[in-house]
Structure formats: C-alpha cells, structure tokens
Protein chains: 2
Amino acid sequence: MNKERNKINSIELDEKTRQFTSQCREAGLKITPQRVAIYRELIQTDEHPSAEMLYEKVKNIFPSISLDTVNRTLLTLNEIGAAFTVVGSGDAKRFDGGLHEHQHFRCLKCKRIVDFHHKPFDDIKLPANIRKKFKILRKTVYLEGICDLCI
Amino acid sequence: MNKERNKINSIELDEKTRQFTSQCREAGLKITPQRVAIYRELIQTDEHPSAEMLYEKVKNIFPSISLDTVNRTLLTLNEIGAAFTVVGSGDAKRFDGGLHEHQHFRCLKCKRIVDFHHKPFDDIKLPANIRKKFKILRKTVYLEGICDLCI
DNA sequence: CTTACTGCAAACCATTTGCACGATC
DNA sequence: GATCGTGCAAATGGTTTGCAGTAAG
C-alpha cells in the first residue's frame, strides 16, 4: 500500500507520452499541449483524480485552462482507451434492495444495469492485509461494457 | 438473465416488509407510509432504480410525495442497511491512467480510493453466458467500506 | 486554410439543505 | 406533546452544451 508504489519515473513518463501522442494521431486527434499535460498528470498519480483534481494540477502548467477542457479531454481519453473511469459514473445513484446475492454488469451506452449471479464470485477471498487495514462492508465483481441491446 | 428471475411473491413481500418495519423500530425510525412504500417498490424491482425512477412508481400510491423524500428515504435505508447503492453510481467520475492492473477499495466516508493488487483477481473467469451476451470492456473486483484513516 | 480544440457562459441534472407544517410515537 | 419525517423551494456540485476565437495539421 505504498503511496509511491505506482509512481512512474521520467523515462517511463516520456515513453508513455510518446505512445499517447501516436495514439492520438492514429485516432485523428490533434496533439495539443493541454491534452498532453492532462494525460501526463493523470498517469503520474495514484489517487484516481476527478476532473476537478486534475484541473487543479494542470492549472500549474496552464493557468488559463478551463475545467471544461479537462472534462472533455478525459472523455476523449476514455474513448480512445488512454484512460478509464474507475468508479463514479457521474450519473444518478442506483439502488438495490439487496435481496439476493448477485453481481452487476453496467452498459456504458444505455446505462442499464444487469444482474448476474456467478456463485464463485460470492466468496472470493480477500488478501489478509486488506482485511486487516480496512473495514470491508461490501465486495463485488463489477463488469462494464456494451450490452446485447446496444451492440 | 430472465427479467422476472428475482421477482418476489406477495408472501415474501409481506415478510420482507415486516422485517423492514422492525428494523426501522430498532433503529429508532418512524414507520411512515411513504417509507414503507418506497421500500416495497425498491424490493419489487430488478432494475436498480434511481431515486427518480422510484419516485415515479411511488407517486402512483402517494401522488403528493416529493422526490426529496424518496432521496432522503433511500439515504436512510442505506444507513440502516435495508438498501444499497449500486457500485459505481452517484459521485463524480474518477479517472485512472490504467498503467498497472489493480483493484480498488473505496472509503464510503472520505471517498478516498485506494488501489490494491491481488494477483488472483487479475484473471477471475467470467461465466460463458456473460461473455457471450455482452461485450465486456472492463472487469474488476471492487471493495467498499471504511478506510484506516476514517475508523 | 480547414478542422478540431479551447475557454467562457449558460444550461442541465441529481442531490442537498433550510424551513415550516404535519404525522408518528 | 415532543420529535422526526415530509414537502417545498432554493442552493450546490458535477457535467454538458453552444458559441466564438484560436491553434494544429
């Protein structure tokens, strides 16, 4: 759980940046300094920033950047697969009466949430250090993708 | 994936309602018809409704109910454990450069997201019917609870 | 020179808060 | 009768949209 565990060094950072710019070119996207800066800030942190958090960081480099640009850029990165959204769909909360043990699949297009139940997932074993460190209230296997109706 | 699979019959519904009211009493909560109606609507559906969706349903029973009441009630149900918010809904988006394979723990209090990596979780096998039906873009093991700093 | 990106402002959606009235215990 | 819950209205937080100006290819 070392905070620095996933920090990348400057060589990796440059390498990743190069990969990113060619990924943009392939996707027909322009290489703007803002876009690059947002990407670089994103991959330099472990804290799974929100758009707002990244905005604060990138402002140190581009004081005039707007939060909207960060939001739009992150959307774009998501589309080309250069970034992922971790949790928090940005959509409304969805509730569950919790009657039956089950897992969820969420369609990224129509936002539908589909239950499925795969018994082995009910009792996946957590590593001891996690169980010791945190009070785990819920654990689940969570899938995202495109559902049969949206393909 | 039968849509009716988890529908409960009226006997189970009444039983659950009884359990719910005593749960409220134990928690020192008043038994209001709105509260009960919201709970009953929630456990009668499979579709993981948002507050808005439940609001529309409960309005058929209490035409004068407000969306705020539904929101507040769901919060309350969540607190006493009579309902859960489906993982990944609500809250602002959080991003990840996706450099390393890892899993997430999210603190319900401070919203901190902590990475952990448990190798066995990297290659959990999805059931075939899921893999066939949906285009799975991401799968993860996701934990929620209270983190060491918040206990 | 064309197209895409940025920055700003306004709009939008879901959720939260403050307050007065009403219902439950 | 005291306290908690409800309904309404206003406020907030996050995200999205429209548009004009600017920069990348």
Side-chain angles (χ1 to χ4, degrees), chain A residues 17 20-39 41 48-56 58-59 61-80 82-83 85-95 108-111 113, chain B residues 20-39 41 48-56 58-59 61-80 82-83 85-86 88-95 108-111 113:
Chain A
T17 305
F20 172 67
T21 51
S22 56
Q23 199 179 359
C24 285
R25 255 184 286 272
E26 275 163 37
L29 300 174
K30 291 178 176 170
I31 319 289
T32 67
Q34 292 94 329
R35 199 167 263 170
V36 173
I38 291 166
Y39 178 75
E41 288 299 333
H48 304 290
S50 62
E52 178 74 34
M53 289 154 114
L54 277 172
Y55 172 57
E56 291 303 326
V58 179
K59 258 207 299 203
I61 308 169
F62 291 97
S64 72
I65 200 169
S66 74
L67 175 56
D68 315 64
T69 298
V70 178
N71 263 310
R72 272 189 274 223
T73 300
L74 289 169
L75 255 182
T76 309
L77 298 196
N78 212 354
E79 274 161 18
I80 67 170
T85 69
V86 170
V87 277
S89 55
D91 301 313
K93 285 200 189 78
R94 300 286 287 266
F95 296 88
L108 295 171
K109 250 192 209 164
C110 70
K111 318 255 156 118
I113 293 169
Chain B
F20 172 66
T21 51
S22 56
Q23 198 179 0
C24 284
R25 255 184 287 274
E26 274 164 39
L29 299 174
K30 292 179 176 167
I31 319 289
T32 68
Q34 291 94 329
R35 203 166 259 171
V36 174
I38 291 166
Y39 178 75
E41 288 298 335
H48 305 288
S50 61
E52 178 73 35
M53 290 154 113
L54 278 171
Y55 172 57
E56 291 303 326
V58 179
K59 259 207 300 201
I61 309 169
F62 291 97
S64 72
I65 200 169
S66 74
L67 174 56
D68 314 65
T69 299
V70 178
N71 263 310
R72 272 188 275 223
T73 301
L74 288 170
L75 254 183
T76 309
L77 297 196
N78 212 355
E79 274 162 17
I80 66 170
T85 68
V86 174
S89 63
D91 294 331
K93 286 199 187 80
R94 301 283 288 267
F95 296 88
L108 294 170
K109 250 190 210 166
C110 69
K111 314 252 158 124
I113 294 167

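Chain identifiers are assigned alphabetically (A, B, ...) following the order of the sequence lines, protein sequences preceding nucleic acid strands; residue numbering begins at 1 within each chain.
- In this structure, the side chains of B:P33 and B:V36 stay at 4.5 Å or more apart for every pair of heavy atoms.
- Comparing A:L67 and B:I65 against DNA chain D, the residue whose closest nucleotide sits nearer the 5' end is B:I65.
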Dump the pairs, protein N or O against N or O of nucleotides 22-25 of chain D, anything under 3.5 Å, distances to one decimal.
unit_1 : atom_1 : unit_2 : atom_2 : d
D:dA24 : N3     : A:K30  : NZ     : 3.4
D:dG25 : OP1    : A:I31  : N      : 3.0

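- B:I65 has its side chain within reach of B:I38: a pair of non-hydrogen atoms, C-beta onward, lies under 4.5 Å apart.
- When the side-chain nitrogen and oxygen atoms of A:R72 are compared with OP1 and OP2 of D:dT16, none of them lie within a distance under 4.0 Å.
- Note that the first and last nucleotides of DNA chain C, 5' to 3', having any atom under 4.0 angstrom from a heavy atom of chain B are C:dT15 to C:dC25.
- Summarising the geometry, the separation between CG on A:D68 and C1' on D:dG13 is reported as 14 Å, rounded to the nearest angstrom.
- Note on B:S64: every side-chain N or O is 4.0 Å or more away from OP1 and OP2 of D:dT6.
- Contacts of A:F95 classified as ring-ring contact (aromatic ring centres under 6.0 Å, His included), with partners at least two apart in sequence or in another chain: none.
- Residue contacts shown for A:E52 are absent, as no nucleic acid heavy atom lies under 4.0 Å away.
- Counting only heavy atoms from C-beta outward, the side chains of B:L74 and B:T85 never approach each other to under 4.5 Å.
- Between B:A92 and B:T76, the residue whose closest nucleotide on DNA chain D is further toward the 5' end is B:T76.
- Rounding to whole angstrom units, OH of residue A:Y55 and P of D:dG14 are separated by 13 Å.
- The closest side-chain heavy-atom distance from A:L29 to A:R25 is not below 4.5 Å.
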